[in-house]
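Let me begin by presenting the structure, written as structure tokens, before commenting on it.
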Amino acid sequence: MAGTTPKQAPSSHAVADPDEDDDAAHRIWTVRDLRVLHELQKPVAVVVSGVYEDPHSAEGLQDISRVVFQNAECKKQWGLPRSRAEFVEIHKSYSETERQMQRAWILKATQGGSSHQSWMNVSDFLRPLFQGVTADGPNYICRFDSKAIRVRTSPTQVETALMHVAELAGSVTDLRVGAIHSRNPLHTFLFNSCGVLLNANASALQAFAHSHAGKSFPWFPGHAGGTDLTLKSLFQEGAYPGGEEEAQSAYDDAMNAVFNLQLECHRHTQPRKSKKDGSTKWTMIEMWPMLDPVDASPAVLVKRHNITQQKHMELQLTAHQDALQKQNQELEQDSLTLHEQQLRLEEEAHSLTQRLEVILHDKFQHRKHNFDSDTPIDKTLTFLQGVIVGKVPPVEMALDLFNILSESDTDLRQPVGLEDQLLQARSIDSEVGQSMLQLLQGSARSSAPLPDRQGPRSTSRTNSSLSLPPGSPRPYRMDSLTEQNISFVPPALTTSTENMLLDAENNWQFDVFKFAEATPGHTLALLTFHFYKTSGCISHFGLDSAKLWRFLQRIESGYQMQNPYHNSIHVTSVVQMTHMLLCHGGIMQSKALGKIQLMSAYWSAAVHDFEHGGVNNDFLIKTAHPLSITYNDQSPLENHHLAAAVRHIFDPELAFLPLNFARSENLLMLRSTCINMVLGTDMKKHFDIMSRFQAAFKRAPPSSAADLSLQSASASPVQDWESIKPEDKTLVHQMVLKCADIGHLAADIHTHKRWAFQLEEEFFRQGDREKECGLPVSPLMDRTLQGGMTRSQIGFFNIVGTPMFKAMVDLFPDAQPMLDGVIANLRQWEESAAQAAKTS
């Protein structure tokens, strides 16, 4: 590269044209010699460049360039030279690849014996050197003639420098040639949006002329006869099996991909016939959208290259596959054997399913002796069903039911004696019972002093039910999204990200943390937008894609990065589980919900914790928080999530719903569905919703033994959803989001444990705030005592989680994989608890 030259030579004051080559390689210029360049009307700059060792930089190298001379025209166009510090600061903003390319270019220009011509982006090339070239200034392409010269920069030092002469006033052809060269110098054409040729480099013209030997092609406008070479003519060269119709279709697809869809690159494989032997050749046509540098109109850059050899290899591979297929036919007997084994495995799987049902039944029956979740309505329905089928219920049962219904404070939709069951059950730790009661009811005894516990909380989790596995990643921290970086379109996707999105469409145990690491700052927006698109909601309702994307980014920005649990990653997992229940759990297939409800479900899942502050409703109520005052202590968080998110729908910049939708009853239906779904996530309403859901979809009792046998043989419940009342369909909406909201119970064990401990940390932080406010610390929220929320996992699974997922699977059997995951995680907690009990 250009650098210091130790050789010294006397200066020469003779004036010479910098483009002369006779003695230029040996001449030593002085600054005085260079003053003659002031007379040129072109910008001229003489720059010394070098690469020096720098132990303080990441690469161990430091690029330094300095201007030793500029003529008057250069100063007029680009201003005075920058200082060394300014150069270094700007140069740091370039990527390592850009710096390596720049070094290679300087080396090539310096070593060449003659002038080196290049088309360069003025901003990229000159911004580190001159004060008048800024990042927000005009950005254009210019041709530079660069030549290495030797300059005496001090009385004792001679350095090699590059003299750059800029050609500012280029022709239309020059501008287009420069634009083409800067993108790809090989076999390149430039066409406008009508397919008219704007320019082409020499190699592209030669290749096209060679394939049309004997024909005359006037290449550019202005030649006699017009322009015969068009983008369409490139496609018409192909020897398509479908003839001109297939060629036209390929051309139309390409134009749509480039100018309408704005794909980064469109590729088309074109068959052609060899003139020599008539064999089939294959050409790859690659097309990149760009702007015409002359008038900034849409244009397309086209490159063609031969892929015949690659196609021949594909044909050879096909032939090899055919040979393998013949060999497989010889193994037909083995295939029959494998088929028999498959049938046997299916029978075993069916048997295991039946055994699982028995295990679940036994588990629920065992639970009945410890916690009775039946509400008064459930008990009444069970009593009446027995009467209908001819059973004589015991008098004690009738008296118990009479006494329950006679009590003035009986809540028909809450389990009978819920408070006493949770606080007096021997199988439930007292603090765990109070925590569950506060979660499900806002307990009447929550303010009572807690019993003494085991003392200070150990730093080890050996006494907890589960601990994070060694090597597990720390809880994820989100990047906040500000108004300034909300974009108008989704970001370009890498192949890895696209694969993750495909996985999210079909995986009941999707790795949301891995997805979040690959999509920082737009995890929730990207996945929700993807589901809106792939589900057909955008096209079906005519949603404004750009505004929908901005709306989803605004929603994502409302989730606080400091919340360990209630953050955008949790909400992303809820959106994904909502999708799985709707599209793979049998709900949409059964026609239980329509298209509007599908769109509503995605929206509700995305906003259901919007602007969550990391504390629960009880904290807001105890501290008389403004949200609690506003909503009269009735689900203040859930009401706020909804109201705050809905306001953004009516923001003109974010209003993605079309006017005909927003002004119709569809909007009222959408809002009603979303309100019911989000408000239903308040755990205080859990038993009310569960009781109504089970009552609404519990099959009618059989009226005869034959009906009973037929009902028992039924593989799954069949519902006539058109006859179901809207109120009962609303229960399905609510149950979908309720299951998705605690969907991590069905995740793989490592993901589930990670969420459990992040929720525990969020609870501990609320406990810290309660201490700061002088309030009693809520159960399981004191980090200084033994154990936290994870102590209540088995109780939460048995009382809330498993019955709810079981009820959902009873109605929609296709959701069985979700219940399988819940049962597997519950067993992990039970095994860990048993192991801890042995070692304590």
Side-chain angles (χ1 to χ4, degrees), residues 1-12 18 21 24-35 37 43-71 74-75 78-135 142 144-166:
M1 299 186 72
T4 302
T5 303
K7 180 179 178 180
Q8 300 183 24
S11 66
S12 172
D21 294 330
H26 303 287
R27 179 175 181 176
I28 297 177
W29 294 73
T30 67
V31 175
R32 180 178 179 182
D33 296 336
L34 297 172
R35 292 175 183 172
L37 300 176
V44 180
V46 179
V47 181
V48 174
S49 301
V51 180
Y52 305 94
E53 293 185 357
D54 183 1
H56 301 291
S57 68
E59 307 162 25
L61 299 174
Q62 178 66 64
D63 298 87
I64 298 295
S65 294
R66 72 182 192 279
V67 179
V68 297
F69 175 82
Q70 66 174 152
N71 70 353
C74 176
K75 185 180 299 183
W78 300 317
L80 294 173
R82 295 188 185 275
S83 66
R84 175 169 178 165
E86 290 176 323
F87 175 87
V88 171
E89 184 65 26
I90 295 175
H91 203 260
K92 285 181 180 178
S93 65
Y94 290 5
S95 68
E96 171 60 16
T97 301
E98 291 171 330
R99 290 195 288 268
Q100 289 178 353
M101 292 175 62
Q102 189 177 69
R103 292 168 193 161
W105 179 87
I106 293 175
L107 180 62
K108 183 177 180 181
T110 304
Q111 292 179 344
S114 59
S115 179
H116 182 77
Q117 293 185 353
S118 304
W119 290 92
M120 307 286 282
N121 183 298
V122 170
S123 177
D124 292 343
F125 183 45
L126 298 180
R127 185 159 56 91
L129 295 173
F130 296 104
Q131 299 175 5
V133 182
T134 60
C142 181
F144 288 89
D145 292 332
S146 305
K147 185 173 182 179
I149 65 173
R150 300 170 66 204
V151 181
R152 184 179 299 280
T153 56
S154 72
T156 61
Q157 188 173 33
V158 174
E159 297 181 87
T160 300
L162 284 176
M163 178 186 295
H164 304 293
V165 181

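Side chains are part of it too, since the values below use all heavy atoms of this structure and drop only hydrogens, waters and symmetry mates.
- Counting only distance, with no hydrogens or angles, the side chain of N71 and the backbone of L37 share a donor-acceptor pair below 3.5 Å.
- Considering only heavy atoms from C-beta on, I28 stays 4.5 Å or farther from V151 through its side chain.
- You'll find the side chain of S65 reaches within 4.5 Å of the side chain of L129, heavy atoms only.
- Once rounded to the nearest 0.5 Å, the distance linking NE2 of H116 with CD1 of I106 reads 11.0 Å.
- From Q102, atom CD reaches atom CG of D63 across 6.5 Å, with rounding to the nearest 0.5 Å.
- No option in E86, R82, Q70 other than Q70 meets the side-chain contact (heavy atoms from CB on, under 4.5 Å) test with F130.
- Smallest separation of non-hydrogen atoms from A166 and F144: CB-CE2, 3.7 Å.
- In this structure, the separation between CG on L126 and OG1 on T134 is 12.0 Å, given to the nearest 0.5 Å.
- Relative orientation of the H91 and Y94 rings is tilted, given thresholds of 30° and 60° on the angle between their planes.
- Closest of all the heavy-atom pairs between V133 and R127 is O-CG, 3.3 Å.
- For A45 against C74, the heavy-atom pair with the smallest separation is CB-SG, 4.1 Å.
- Centroid-to-centroid, the aromatic rings of F125 and W105 come within less than 6.0 Å.
- By the side-chain hydrogen bond (donor to acceptor under 3.5 Å, both in side chains) test, R66 is found to be paired with E159, residues two or more places apart in sequence or in another chain being considered.
- With hydrogens and angles left out, the side-chain atoms of H164 and S146 include a donor and acceptor closer than 3.5 Å.
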**Message:** Evaluate T160 against V48 for side chain to side chain contact (heavy atoms under 4.5 Å, CB included), listing each step before the verdict.
**Reply:** CA-CA 7 Å; T160 300; V48 174; over 6 Å; no

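- By the 4.5 Å heavy-atom criterion applied to side chains, V47 and V68 are not counted as neighbours.
- E89 meets the side-chain hydrogen bond (donor to acceptor under 3.5 Å, both in side chains) test with no other residue; sequence neighbours excluded.
- One finds the CG atom of D124 at 10.0 Å from the CE atom of M101 (value rounded to the nearest 0.5 Å).
- L34 is listed as a side-chain neighbour of V46, based on a closest heavy-atom distance under 4.5 Å.
- A donor-acceptor contact shorter than 3.5 Å links the side chain of E98 to the backbone of S95.
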